[in-house]
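Here's the structure, in structure tokens; my notes come after.
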Amino acid sequence: MSTSAKLKREMPQRYRMEAGKCTTCGYIAFPPRSICPECQAREFDTVILPDEGTILTHTVIRVAPSQFTDEAPYAIAIIELGEGARVLCQLVDCDLEQIAIGDPVKIEFRRIQAEGKSGVLFYGYKAVPA
Amino acid sequence: MVGIIGYGAYVPRHRIRVEEIAKVWGADAPSYKRGLMLEEKTVPAPDQDTITISVEATKNALKRANINPAEIGCVYIGSESHPYAVKPSGTTLAEVIGATPDVHCADFEFACKAGSEGMFVAYGLVKAGLVKYGLAVGADTSQGAPGDALEYAAAAGGAAFLFGTERVIATIDETFSYMTDTPDFWRREYQHYPQHAGRFTGDPSYFKHVTGSANGIMEKAGMTPQDFNYVICHQPNGKFPQRVGKMLGFTREQIEPGWLSPILGNTYSGSSPMGLASTLDIAKPGDRILMVSYGSGSGSDSFVLTVTDQIDQVRDLAPHVRAQLAANKNYIDYGTYAKFRHKILKAE
Ligand SMILES: [Zn+2]
């Protein structure tokens, strides 16, 4: 699949944080799935995740994949957004030594990756200290 | 009644002080601070650009307007730092807020005037009845050449305005544009940094167009400086908006709430729009506001606004501009700034 097609396909979750909420048991799937892992139901409502949450756990990446070497060291965190919804994303604009579990964060729209010097730009969500 | 139904701003968290830049280039910091009335400026994080700043400013505007984004009929971003040379910034913004696909979209460019241009057109389309709601954003992550006077001011930030006819927080009572062909500041295709014509950027450029537009709209509206509570003029540095305000007959008290450049820098297309946002943060129902933008090349758009009772319902639904400027500041050194702004040559 081309980069552009992948980017376009993932826009609902990367741009708007659209998740699937199971109509049977209420499980929130992010990114959306076709079958509920809790109750195996196949019907979901589209919900938009809140833009505030707390840090559930985090780690610091010191040896980064080649496209992210300029950003290292950087933090990755699992953010608890309420109703059991969790997202894994980069935690930016923060002091890496000061990050603590339970800290409140805000979700912001950021550039995720640039495809080389002349390729397409990827955008999506990251977390910043609230 | 047609006017602003929601407004929002976004301020990046990183800062660099005038002293830190002056130190690297052997310049005299006190004379820059005194001469240009600048203390520090915002610096975008490496993952921020005009699109990301526009998205955050618009989210704050939507919090205040509380409308269905699918009903926004036009999305305009004015900037001189659109991330792509070819591919609109506005399409990404429209997609993020859920305004696609039934929407008109364009990017505007006119040096620092691009934001107010979008406001002018979005307001016009709402007034004409062609769209229910119109969105206009002024945002930039501008760069001055290393060591150039512009480097002390070129900052990042933006403000977004939603226009409509119901639950209006500030009516637009009059508009006026003043424009001539004036080569005071430019950037040629494929050039990284802009160039400017030194002292020519002052009297024949900024001051001529800002006073021409401000006097033009006041004459058209039959108003004088005493009829306004607040005035916001484009802020290329701290000094120019103070000087032009005094030239026009405004007092320091009328200028103060929207005068952000000493601690924000020049956010180019975001400059006078952010000043307007900051003024709306403190304005009271009935207050009259004059906003005058300036874009090199050159032109000035002016707006006369009257604040309504609705302001008190929405003011605190999103963070105020000065609160954003004060919160979570992170001072960086010139090396970090140079890395963030891609001023360092790396091996391919
Ligand atoms: Zn289920």
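Reminder, nothing fancy here: chain letters follow the sequence lines and each chain counts from 1.
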Item to check | Glu10(A) CD: over 12 foreign heavy atoms closer than 6.0 Å | outcome: yes

Item to check | Contacts of residues 91-98 of chain B with chain A (heavy atom under 4.5 Å) | outcome: Thr92(B), Glu95(B), Val96(B), Gly98(B)

Next on the checklist: Just to verify, which of Thr52(B), Asp47(B), Val55(B) counts as forming a side-chain contact (heavy atoms from CB on, under 4.5 Å) with Tyr123(A)?
Outcome noted: Thr52(B)

Next on the checklist: With a sphere of 6.0 Å drawn around NZ of Lys329(B), does it hold more than 12 non-hydrogen atoms of other residues, nucleotides or ligands?
Outcome noted: yes

Checklist entry - Is it the backbone or the side chain of Pro12(A) that comes under 4.5 Å from a heavy atom of chain B, or both, or neither? => result neither

Next on the checklist: For Lys59(B) and Glu108(A): C-alpha separation, side-chain torsions, deciding distance, then whether side-chain contact (heavy atoms from CB on, under 4.5 Å) applies.
Outcome noted: CA-CA 10 Å; Lys59(B) 283 182 178 173; Glu108(A) 282 194 2; over 6 Å; no

Item to check | Non-hydrogen atoms of Glu56(B) and Phe109(A) that approach each other most closely | outcome: OE2-N, 2.7 Å

Item to check | Glu43(A) atom CD, neighbour heavy-atom count above 12 within 6.0 Å | outcome: no

Next on the checklist: If the threshold is 4.0 Å, N to carboxylate O, is there a salt bridge linking Asp70(A) and Lys346(B)?
Outcome noted: yes

Next on the checklist: Under 4.5 Å from any heavy atom of chain A, what part of Lys87(B) do you find: side chain, backbone, both or neither?
Outcome noted: neither

Checklist entry - What part of Val120(A) is in contact with chain B, defined as an atom under 4.5 angstrom from a non-hydrogen atom: side chain, backbone, both or neither? => result both

Next on the checklist: Please check if the number of heavy atoms outside Asp102(B) that lie under 6.0 Å from its CG is greater than 12.
Outcome noted: no

Checklist entry - Side chains of Pro46(B) and Arg110(A): does their closest heavy-atom pair fall under 4.5 Å? => result no

Item to check | Non-hydrogen atoms of Pro83(B) and Leu121(A) that approach each other most closely | outcome: CB-CD1, 3.7 Å

